[in-house]
Q: 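Handing you a structure now.
We use all heavy atoms of the structure for the numbers below, so side chains are in, but hydrogens, waters and symmetry mates are not. The model shown is predicted, which means the values in this text are computed figures rather than measured ones.
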Amino acid sequence: MTRAPERVISASLGGAGVEGLDPVLRAEAEARAPKGTAPDEQRILDEIAGAPPPDPRFVAAITEAWTAWWPPSIDLASLRVPVQAVNGEFDAPYSKTVRLERELAGFENVIIPGRTHLTTLSDSRYVDSLVDFLQRNDER
């Protein structure tokens, strides 16, 4: 979004956000997060538990990349496109978005009730909110 803004008309973050840099604001946002889990969370975890473990080389590569990449250095105030975040109610939705809400003029925060990080993407409300957001912002 910052490297080639002329190529971006909108952005949506699913199950993610941009971590807040101020520890006090981040702690206040984390305290707002409801505690709980989605009803189908355990079933999905049980299915994953039966899968073969990932290749250790893959895990090492992801770990190395994540360490080098996170937290992203981004000047949010410079962005001029609408941005949406979609997170589950039980996936720390406020701490992931406190910085976005504070620094982005065109930010939309969607929180899917009763969902976690694992179950938000399988909820039709995720797709519905994404499609609606893209349709409203495809004319830029």
Side-chain angles (χ1 to χ4, degrees):
M1 291 187 295
T2 57
R3 286 186 195 143
E6 70 281 0
R7 294 181 175 185
V8 180
I9 59 172
S10 64
S12 182
L13 307 163
V18 175
E19 187 171 301
L21 302 175
D22 181 313
V24 173
L25 292 176
R26 190 170 55 235
E28 289 172 357
E30 287 170 359
R32 292 174 40 208
K35 305 297 182 228
T37 190
D40 48 350
E41 175 96 358
Q42 191 57 53
R43 177 189 57 77
I44 295 170
L45 287 171
D46 291 344
E47 289 175 10
I48 293 170
D55 184 319
R57 295 172 298 171
F58 171 77
V59 174
I62 292 295
T63 302
E64 181 181 338
W66 187 259
T67 302
W69 177 76
W70 195 260
S73 174
I74 185 169
D75 177 11
L76 293 173
S78 72
L79 299 179
R80 299 288 177 247
V81 299
V83 176
Q84 174 195 63
V86 183
N87 289 285
E89 175 184 18
F90 304 126
D91 187 26
Y94 302 107
S95 61
K96 290 179 174 180
T97 58
V98 67
R99 185 171 168 212
L100 296 168
E101 289 207 36
R102 211 175 67 252
E103 297 178 27
L104 282 178
F107 179 66
E108 178 179 308
N109 196 14
V110 178
I111 300 172
I112 306 294
R115 293 302 184 177
T116 64
H117 187 71
L118 189 58
T119 61
T120 298
L121 294 176
S122 64
D123 191 298
S124 63
R125 293 171 290 187
Y126 171 76
V127 173
D128 293 344
S129 64
L130 177 59
V131 168
D132 176 63
F133 175 76
L134 293 174
Q135 286 176 340
R136 285 184 285 119
N137 294 290
D138 72 349
E139 294 295 323
R140 294 181 54 108

Q: Hey, what do you get for CG (Leu118) to CZ (Phe90), rounding to the nearest 0.5 Å?
A: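 It is 14.0 Å, given to the nearest 0.5 Å.
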Q: Does Glu89 reach the main-chain N or O of Gly114 with its side chain, forming a donor-acceptor pair under 3.5 Å?
A: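 Such a contact is found between Glu89 side chain and Gly114 backbone.
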Q: Kindly write out the residues that satisfy side chain to side chain contact (heavy atoms under 4.5 Å, CB included) with Asp91, not counting sequence neighbours, or none if the list is empty.
A: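 If we apply the side chain to side chain contact (heavy atoms under 4.5 Å, CB included) test to Asp91, skipping adjacent residues, the hits are Asn87, Lys96, His117.
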Q: Show the atom names and distances, to 0.1 Å, of all donor-acceptor pairs under 3.5 Å that link a side chain in residues 21-36 to residues at least two apart or in another chain.
A:
residue : atom : partner : partner atom : Å
Asp22   : OD1  : Val24   : N            : 2.8
Asp22   : OD1  : Leu25   : N            : 3.1
Arg26   : NH1  : Gly20   : O            : 2.3

Q: Among the clusters formed by ILVMFWY side chains lying less than 4.5 Å apart, do Val8 and Leu76 turn up in the same one?
A: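 Yes, Val8 connects to Leu76 through the hydrophobic network.
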Q: Mind checking side chain to side chain contact (heavy atoms under 4.5 Å, CB included) for Ala4 and listing every partner two or more places apart, or none if nothing turns up?
A: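 Ala4 satisfies side chain to side chain contact (heavy atoms under 4.5 Å, CB included) with Glu6, Arg7 once adjacent residues are dropped.
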Q: For the side-chain contact (heavy atoms from CB on, under 4.5 Å) test, which of Gln84, Arg99, Glu101, Arg102 pairs with Phe107?
A: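 Of the listed options, the one satisfying the test is Glu101.
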Q: Taking the side chain as every heavy atom from C-beta outward, state whether Ile74 and Leu79 have any atom pair closer than 4.5 Å.
A: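 Heavy-atom side-chain distance check passes, below 4.5 Å.
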Q: Taking all atoms of both residues into account, what is the closest heavy-atom pair of Thr119 and Ala38, and its distance?
A: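 For Thr119 and Ala38, the tightest heavy-atom pair comes out as OG1-CB, 3.3 Å.
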Q: Only pairs at least two apart or in different chains count here, so list each salt bridge (charged side-chain N to carboxylate O under 4.0 Å, His left out) that has a residue in residues 119-136.
A: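 As it turns out, the salt bridge (charged side-chain N to carboxylate O under 4.0 Å, His left out) pairs with a partner in residues 119-136, which skip direct neighbours, are Glu108-Arg136, Arg115-Asp123, Asp123-Arg125, Asp132-Arg136.
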Q: Under the 4.5 Å side-chain heavy-atom rule for ILVMFWY, direct or indirect, which residues accompany Leu130?
A: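 Taking Ile, Leu, Val, Met, Phe, Trp and Tyr as members, Leu130 shares its hydrophobic cluster with Val86, Val110, Ile112, Leu121, Tyr126, Val127, Val131, Phe133, Leu134.
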Q: Indicate the atoms forming the closest heavy-atom contact of Leu104 with Val83, along with that distance.
A: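 For Leu104 versus Val83, the nearest heavy atoms are CD1-CB, 3.7 Å.
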Q: Search all heavy atoms of Ser10 against all heavy atoms of Asn137 and return the closest pair with its distance.
A: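 Between these two residues, the closest heavy atoms are CB-CB, 4.1 Å.
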Q: Do the non-hydrogen side-chain atoms of Thr97 and Ile111 ever get within less than 4.5 Å of each other?
A: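 A side-chain contact is absent here, since even the closest heavy-atom pair is not under 4.5 Å.
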Q: List the atom pairs, with distances to 0.1 Å, where a side-chain N or O of residues 43-57 and a protein N or O form a donor-acceptor pair under 3.5 Å, not counting sequence neighbours.
A:
residue : atom : partner : partner atom : Å
Arg43   : NH1  : Glu47   : OE2          : 2.9
Asp46   : OD1  : Gln42   : NE2          : 2.8
Asp55   : OD1  : Arg57   : N            : 2.7
Asp55   : OD1  : Arg57   : NE           : 3.2
Asp55   : OD2  : Arg57   : NE           : 3.3
Asp55   : OD2  : Arg57   : NH2          : 2.6

